[in-house]
> 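Sharing a structure with you now.
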Amino acid sequence: MIALVDVNNCYVSIERLFDPSLCNKPVIVLSNNDGCAVARSNEAKALGIPMGAPAFQYKDLIIQEKVNVLSSNYPLYADISGRAMNLLAEFTDNMEIYSIDEAFLYFDGFGKHFNYYQIGEKIRRTMIKGLGLPVSVGFAPTRTLAKIANRFAKKYPHIGGSVCVLDTPAKIEKALKKTEIGDVWGIGRRKNLRLQAVNVNTAWDYTRMNDAYLRREFGVLGTRMKYDLLGERAVQQADIKPKKSIACTRSFKDMMMDKNELKERIATFTATAAENLRQQGSNANMIGVFLQTNRFREEMPQYNPSFIFPTDFATSSTIELNKFAQKALDIIFKPGYRYKKAGVILMGITPDNARQTKLFYADNPKHKDLMQAIDAINSKLGRDTVTFAIQDRKDKWKMRQDNLSQRYTTNWDDLVRLKCF
DNA sequence: TCTGGGGTCCTAGGACCC
DNA sequence: TCTGGGGTCCTAGGACCC
């Protein structure tokens, strides 16, 4: 069996750990620049605030219903997520961390008569007691079914208290018949529409489709999904692999026209991406840069250029990468447009120990030591202690974060304070 | 006024090889 | 009139995930 464990309303639950007054109240957490709702408490969901809702469109409802609105605090969420994963890792020797708030736990070889409800309950108790986070647990023979089991655990918490076990063909069939096809893991908006057009409305309907048709219309993923839904493992566990692309992209608070300001942004994005690249011990062979105007302002002229530069050699040096990034910017920048978003993407990533050397070009060997020194200082004394001269010292580009909680677990100055009465 | 960020995988088609 | 067969690699774009 495979368990999918996920933290309920993850970011909201984490905020509640440090501010219990948020419990039992509608709460939403917003994306960068306080843009869209990316996490909602059950109370907020009940008010009809959808996932990804732009905050300004729900302003009236938020005021009227006294919805607590928070800016996202990613360093805090990443730290708590790490602790949650450590706790979960105690339950099995084979765990796949799927996202910041979910993990697949493999219970292979535990036998038919193992009591999965009990282990599910134990996981829930452990997470509440050890960390204060509410989780849902879904058990099933395959990953796609475990996702469905997890949905049921959330949807019908009275059935065994947020644990759902799909362990017999009869239970699986019943669950599939009750699951709309659009809610299946791997069916997005497009495929949902195409399936409904041929009268496939539930996950069960999908398993009744013939293989050749699924292969032709939905590719290999289409047939794999069918068998996964029937309880045969067709969707394999993902290995832990280094990333194949590393990006740093941001929307700006205001639209931007000045090329020098964009140069600074691109340099800063490159520095961040390169730092992540070095952290996984890799080098990049290509760097892509893009600009975007504001797509929501249709009356304004639109321009969304991008350019991918092959670097002359595999490198993780911020200095080298930024040279290419700036060249790319020179190529795509056109004056007169108001840019709303920009980004840098590192691609063609290869590990440090499998580096293709070039005959005519080489990395400056001094860069490696320099980067190591910079990374060491920044990791010890805080992000952005050492930056490149082209980078602004942040103040100017501060995101809109009107309701940011403290970095309770990642910054000494933000530790929780207790008062003695 | 205001609308996120960071990833993965698959496929078809082109270009190339012997 | 008529023009093989069997591959690999790369890329852009689409679709999906949280």
Side-chain angles (χ1 to χ4, degrees), chain A residues 4 6-11 28-40 49-60 62 69 71-74 77-78 81 96-104 143-144 147 150-151 181-195 214-225 235-255 269 272-273 276-277 280 285-286 288 290 292-298 300 306-308 310 338 340-349 399-402:
Chain A
L4 176 67
D6 85 338
V7 179
N8 301 340
N9 313 328
C10 182
Y11 299 166
I28 60 175
V29 176
L30 301 179
S31 60
N32 276 348
N33 279 316
D34 290 348
C36 303
V38 291
R40 304 156 295 151
I49 301 175
M51 182 65 177
F56 75 93
Q57 286 177 2
Y58 287 81
K59 209 172 164 185
D60 293 344
I62 286 168
V69 180
S71 306
S72 42
N73 187 345
Y74 287 106
Y77 308 151
S81 167
E96 177 195 346
I97 297 175
Y98 181 68
S99 75
I100 193 163
D101 72 331
E102 299 172 65
F104 289 102
R143 302 163 99 230
T144 311
K147 275 277 194 182
N150 184 283
R151 277 179 49 86
I181 187 64
D183 291 331
V184 174
W185 187 44
I187 301 295
R189 211 169 43 89
R190 291 294 175 91
K191 287 184 182 173
N192 189 16
L193 288 176
R194 282 170 62 196
L195 285 165
L214 289 178
R215 177 68 182 82
R216 181 161 37 90
E217 293 295 318
F218 299 100
V220 290
L221 297 177
T223 40
R224 267 187 217 160
M225 178 180 298
V235 179
Q236 292 304 318
Q237 178 180 5
D239 305 331
I240 300 162
K241 292 187 201 124
K243 284 179 190 155
K244 295 176 175 175
S245 68
I246 291 175
C248 182
T249 71
R250 289 289 178 279
S251 296
F252 307 131
K253 198 167 50 168
D254 310 302
M255 286 179 275
F269 297 162
T272 303
N276 294 338
L277 180 70
Q280 77 163 29
N285 287 281
M286 290 183 276
F290 72 81
Q292 283 175 13
T293 47
N294 191 339
R295 64 192 167 102
F296 296 104
R297 301 283 296 272
E298 290 170 14
M300 292 173 47
S306 66
F307 192 86
I308 299 171
R338 295 159 71 82
K340 175 66 179 165
K341 184 175 180 178
V344 168
I345 305 168
L346 302 177
M347 289 169 290
I349 290 178
M399 276 186 293
R400 198 173 145 203
Q401 288 183 313
D402 291 342

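Each chain gets a letter, A, B and so on, in the order its sequence line appears, and its residues count up from 1. Please read all numbers here as calculations on a predicted model, not as lab measurements.
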> Under the side chain to side chain donor-acceptor pair (under 3.5 Å) test, which residues partner A:Asn294, sequence neighbours left out?
none
> Please report the distance, rounded to the nearest Å, between NZ in A:Lys253 and C1' in B:dC2.
12 Å
> In whole Å, what is the span from the CG atom of A:Asn33 to the P atom of B:dG5?
7 Å
> Base, backbone or nothing for each nucleotide of nucleotides 7-14 of chain B, written B, S, -, heavy atoms under 4.0 angstrom, 5' to 3'?
SSSSS---
> First locate atom CH2 of A:Trp185, then atom CG of A:Asn150, and finally report the distance between them rounded to the nearest 0.5 Å.
11.5 Å
> Remember a base hit wins even if backbone is also touched, and classify A:Arg194 as base, sugar-phosphate or nothing at under 4.0 Å, heavy atoms.
nothing
> Taking only residues two or more places apart in sequence or in another chain, which ones pass ring pair (Phe, Tyr, Trp, His ring centres under 6.0 Å) with A:Phe307?
A:Phe309
> Using the test salt bridge (charged side-chain N to carboxylate O under 4.0 Å, His left out), find all partners of A:Arg295 that sit at least two apart in sequence or belong to another chain.
none
> Could you work out, with ring pair (Phe, Tyr, Trp, His ring centres under 6.0 Å) as the rule, every residue matching A:Phe252, not counting sequence neighbours?
none
> Could you list the protein-to-nucleotides 16-18 of chain C atom pairs, N/O on both sides, closer than 3.5 Å?
residue, atom, partner, partner atom, Å
C:dC16, OP1, A:Gly188, N, 3.2
C:dC16, OP1, A:Lys191, N, 2.7
C:dC16, OP2, A:Arg190, N, 3.1
C:dC16, O5', A:Gly188, N, 3.4
C:dC16, O3', A:Gly186, O, 3.4
C:dC17, OP1, A:Gly186, N, 2.8
C:dC17, OP1, A:Ile187, N, 3.2
C:dC17, OP1, A:Ile187, O, 3.3
C:dC17, O3', A:Trp185, NE1, 3.4
C:dC18, OP1, A:Lys147, NZ, 2.7
C:dC18, O3', A:Ser99, OG, 3.1
C:dC18, O3', A:Asp101, OD1, 3.1
C:dC18, O3', A:Glu102, OE2, 3.1

> Over its full length, what angle do the end axes of the helix from B:dG5-C:dC18 to B:dC18-C:dG5 make, each axis taken from five pairs and the result rounded to 10 degrees?
0°
> What is the distance, to the nearest angstrom, from the CG atom on A:Leu30 to the C1' atom on B:dC2?
11 Å
> To the nearest angstrom, how far is A:Asp34 atom CG from B:dT1 atom C1'?
14 Å
> Looking only at non-hydrogen atoms, find the nearest pair between A:Ala37 and A:Ile49 and report the distance.
CB-CG2, 4.4 Å
> From OH of A:Tyr11 over to P of B:dG6, roughly how many Å is that when rounded to an integer?
12 Å
> Expressed as a whole number of angstroms, how long is the span from A:Phe269:CZ to B:dG4:C1'?
12 Å
> Are A:Arg297 and B:dC2 close enough that a side-chain N or O sits under 4.0 Å from OP1 or OP2?
yes
> Establish, with yes or no, whether the OP1 or OP2 oxygen of B:dT3 is under 4.0 angstrom from a side-chain nitrogen or oxygen of A:Ser31.
no
> In whole angstrom, what separates A:Lys340's NZ from B:dC2's C1'?
8 Å
> Restricting to ring pair (Phe, Tyr, Trp, His ring centres under 6.0 Å), what partner residues turn up for A:Phe218, sequence neighbours left out?
none
> For B:dG4, does OP1 or OP2 lie under 4.0 Å from any side-chain N or O of A:Thr249?
no
> Measuring from A:Ile246:CD1 to A:Ile345:CD1, what's the distance to the nearest 0.5 Å?
11.5 Å
> Tell me, please, which residues at least two apart from A:Asp60 pass salt bridge (charged side-chain N to carboxylate O under 4.0 Å, His left out).
none
> Taking ring pair (Phe, Tyr, Trp, His ring centres under 6.0 Å) as the test, write out the residues that go with A:Phe56, two or more places apart.
none
> Under the salt bridge (charged side-chain N to carboxylate O under 4.0 Å, His left out) test, which residues partner A:Arg250, sequence neighbours left out?
none
> Which is more 5' along DNA chain B, the nucleotide nearest A:Arg250 or the one nearest A:Phe296? Just name the residue.
A:Phe296
> Which residues pass the salt bridge (charged side-chain N to carboxylate O under 4.0 Å, His left out) test with A:Asp34, sequence neighbours left out?
none
> What's the closest nucleotide to the A:Met255 side chain, out of B:dC2, B:dG4, B:dT3?
B:dC2
> To the nearest angstrom, how far is A:Phe56 atom CZ from B:dC2 atom P?
8 Å
